[in-house]
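Side chains included, hydrogens not; waters and symmetry mates left out as well; all remaining heavy atoms used. Below, chains carry the letters A, B, ... as their sequence lines are ordered, and counting in each starts from 1.
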There are 2 protein chains.
Amino acid sequence: MATPRKRRLPRGTLDRDTIVAASLRLLDEKGMRGFSMPALGRELGADPSAVYRHFASKDELVLAITDALIAEQDVPSLRGSCWIESLILIARHTWELGGRRPGAMALTASRTAAMPGTFAAADHIIGVFREGGFDADDAGRMYRSFVDFMLATAQQRAALLDLDPEALELDLSNEAAFRSADPRRYPNLGAAAETVATRTWTESFELGLAMLITGIEAMAPKPCRGHTHSVRPLA
Amino acid sequence: MATPRKRRLPRGTLDRDTIVAASLRLLDEKGMRGFSMPALGRELGADPSAVYRHFASKDELVLAITDALIAEQDVPSLRGSCWIESLILIARHTWELGGRRPGAMALTASRTAAMPGTFAAADHIIGVFREGGFDADDAGRMYRSFVDFMLATAQQRAALLDLDPEALELDLSNEAAFRSADPRRYPNLGAAAETVATRTWTESFELGLAMLITGIEAMAPKPCRGHTHSVRPLA
DNA sequence: ACCTGAACACCGTTCAAGT
DNA sequence: ACCTGAACACCGTTCAAGT
């Protein structure tokens with residue numbers, strides 16, 4: 001309260017890591033809507049335009065945030081267990097990350113950063129597919145499709161959670177409104193409406209993951225025979 | 001050239017349908033970035049604020065656009081063929097829609113509108129799952145997970161295509177840059193880098209769809225015995 | 001009743017000026 | 001060399017004023 005807020009920052013205060021960390025804090029607190037250059041300036045205690053000394057554009061900053069978020073993730077590896085379980089663990093971790101940090105997930109999940117964190121994660125997941133007996137090229141193909149599913153699904157929910165409260169409320173009430181569809185006009189929807197309306201996003205994700213995992217194992221040269229996976233189809 | 005552009009619009013010119021149609025035109029021409037209230041006003045030849053006579057907010061307009069886009073879709077039904085083929089057709093149609101009209105897909109794919117177009121599409125897809133022998137509740141569950149996968153995947157690519165040209169260029173060059181990752185540090189990525197870097201989005205979608213379809217058929221009470229589906233795992 | 005136009009509180013980005 | 005502050009061309013939304 002004593003220090004005047006308009007003090008000039010010392011010369012070397014800002015760097016790329018500081019700005020990325022402040023961006024992630026801002027995204028966690030205020031969501032994507034609150035992540036603006038003026039807001040970032042306030043978070044840093046600097047003028048918004050100072051960021052442009054370190055990143056050429058907001059988009060370049062977004063890519064740096066993308067890699068930092070990936071690099072932060074520390075999914076415990078499951079050596080000794082079935083490789084399929086590793087995939088399930090990675091997918092669930094990503095899904096939960098989108099639930100906890102919707103702003104960061106919504107902003108970054110469709111971007112590709114050619115940086116160390118991204119490379120390390122890709123290397124890890126391709127390695128998991130090779131455990132399943134896929135050769136390197138097929139493991140690369142499976143990796144791309146698996147990651148696309150995982151990120152796309154997590155991002156979709158994150159984008160919804162990141163909406164402003166009124167829009168989110170409207171969307172959720174619309175899901176519930178499936179119950180009010182005329183069963184004469186929409187007989188199939190009418191018969192399933194209660195289930196569709198009350199289904200949680202996580203239940204829907206889990207069933208989609210079960211479908212995917214079933215498909216992956218069917219394609220795998222080395223399926224995990226005798227091992228029951230932790231996904232529950234239609235449970 | 002002769003008519004002065006600032007003529008006042010006749011009283012009943014604007015209505016919800018006109019505004020939604022102009023929004024879709026704008027999204028197709030200029031993408032999500034170009035879809036602003038001032039731009040919509042120009043497209044309509046009206047003052048931007050006139051739209052607020054018909055929609056309470058931009059978000060309410062977005063939900064109307066969502067339903068209109070769904071209602072426009074006319075996926076040919078495949079009575080007589082295997083029900084799995086209908087799912088494949090619907091998924092591919094959605095994917096292609098996101099490629100052709102990225103702005104509209106990116107804006108709407110995570111929203112739920114409780115309106116006729118949405119109800120009719122839901123009814124149709126739940127019906128397809130019932131053809132596969134799922135009871136109504138399970139068909140409702142499968143519908144949610146299938147649609148989430150389909151829309152999320154299509155939206156993710158659409159959001160990328162909707163980026164401004166410079167950001168898109170940066171992202172695509174980053175995908176290619178997976179080739180330059182150090183193979184000593186990232187041996188799995190190194191072995192698959194060429195495949196990962198040159199893989200198209202559609203190839204990745206098709207493999208993901210094949211995984212999902214394999215999983216769905218494995219769960220179905222009435223799989224399509226003796227029928228070869230049009231998805232090609234790892235082809 | 002419906003559309004306009006000015007106004008408000010914001011954006012991302014640039015660049016001359018300060019230190 | 002690095003940060004500031006004013007400026008530019010935008011946003012979504014509101015509301016008194018016009019017709």
Requested in this report: Please report, rounded to the nearest Å, how far the C1' atom of C:dG5 is from the CZ atom of B:R8.
Outcome: 10 Å

**Report entry** DNA chain C contacts among residues 22-42 of chain A, heavy-atom distance under 4.0 Å
**Finding:** A:F35, A:S36, A:M37, A:P38

**Report entry** Distance under 6.0 Å and angle within 45° of ring axis: A:K58 vs A:F35
**Finding:** yes

Report task. Please state how far atom CG in B:L44 lies from atom P in C:dC2, giving the value in whole angstrom units. Result -> 16 Å

Requested in this report: Indicate the ring-plane relationship of A:F119 and B:F178, choosing parallel, tilted or perpendicular according to the 30° and 60° boundaries.
Outcome: perpendicular

Query - DNA chain C: stems of at least 3 consecutive Watson-Crick or G-U pairs whose donor-acceptor distances fall under 3.5 Å - result: C:4-8 with D:12-16, C:12-16 with D:4-8

Query raised in the report: Quick one: A:L14 CG to D:dT4 C1', roughly how many Å, whole number?
Result: 12 Å

Query raised in the report: Quick one: NE2 on B:H54 to CG on B:D17, what's the gap to the nearest 0.5 Å?
Result: 11.0 Å

Requested in this report: Identify, residue by residue, the members of residues 48-60 of chain B with a heavy atom below 4.0 Å from DNA chain D, and return them in order of residue number, or none.
Outcome: B:S49, B:Y52, B:S57, B:K58

Query raised in the report: How would you list, by chain and number, every residue that makes a salt bridge (Lys or Arg N to Asp or Glu O under 4.0 Å) with B:E72, sequence neighbours excluded?
Result: B:R101

Query raised in the report: Can B:S57 and B:D59 be said to form a side chain to side chain donor-acceptor pair (under 3.5 Å), step by step?
Result: CA-CA 5 Å; B:S57 65; B:D59 188 70; 5.1 Å; no

Query - Worked check of salt bridge (charged side-chain N to carboxylate O under 4.0 Å, His left out) between B:R111 and A:E175 - result: CA-CA 10 Å; B:R111 307 307 303 279; A:E175 287 179 31; over 6 Å; no

Report summary line: In whole angstroms, the gap separating P of D:dA17 from CG of B:D47 amounts to 17 Å

Query raised in the report: Where along residues 159-173 of chain B does a heavy atom come under 4.0 Å from DNA chain D, residue by residue in number order?
Result: none

Report summary line: Residues at least two apart in sequence or cross-chain that pass salt bridge (Lys or Arg N to Asp or Glu O under 4.0 Å) with B:D164, listed by chain then number, are none

Report task. Go through the side-chain N and O atoms of B:T18 and B:D15 and say whether any donor and acceptor fall under 3.5 Å apart. Result -> yes

Report task. Inspect the contact between B:E206 and B:R92 and indicate whether a charged nitrogen and a carboxylate oxygen are less than 4.0 angstrom apart. Result -> yes

**Report entry** Aromatic centroids of A:Y143 and A:F129 separated by under 6.0 Å
**Finding:** no

Report task. Quick one: closest heavy-atom pair of B:L168 and B:L161, and the distance? Result -> CD2-O, 4.4 Å

Query raised in the report: B:N174 and A:T112: side-chain donor and acceptor closer than 3.5 Å?
Result: no

Query raised in the report: If we ignore angles and hydrogens, is there a donor and acceptor under 3.5 Å between the side chains of B:T153 and B:W95?
Result: no

Query raised in the report: Can you check the B:R16 CZ to C:dC2 C1' distance for me, whole Å?
Result: 16 Å

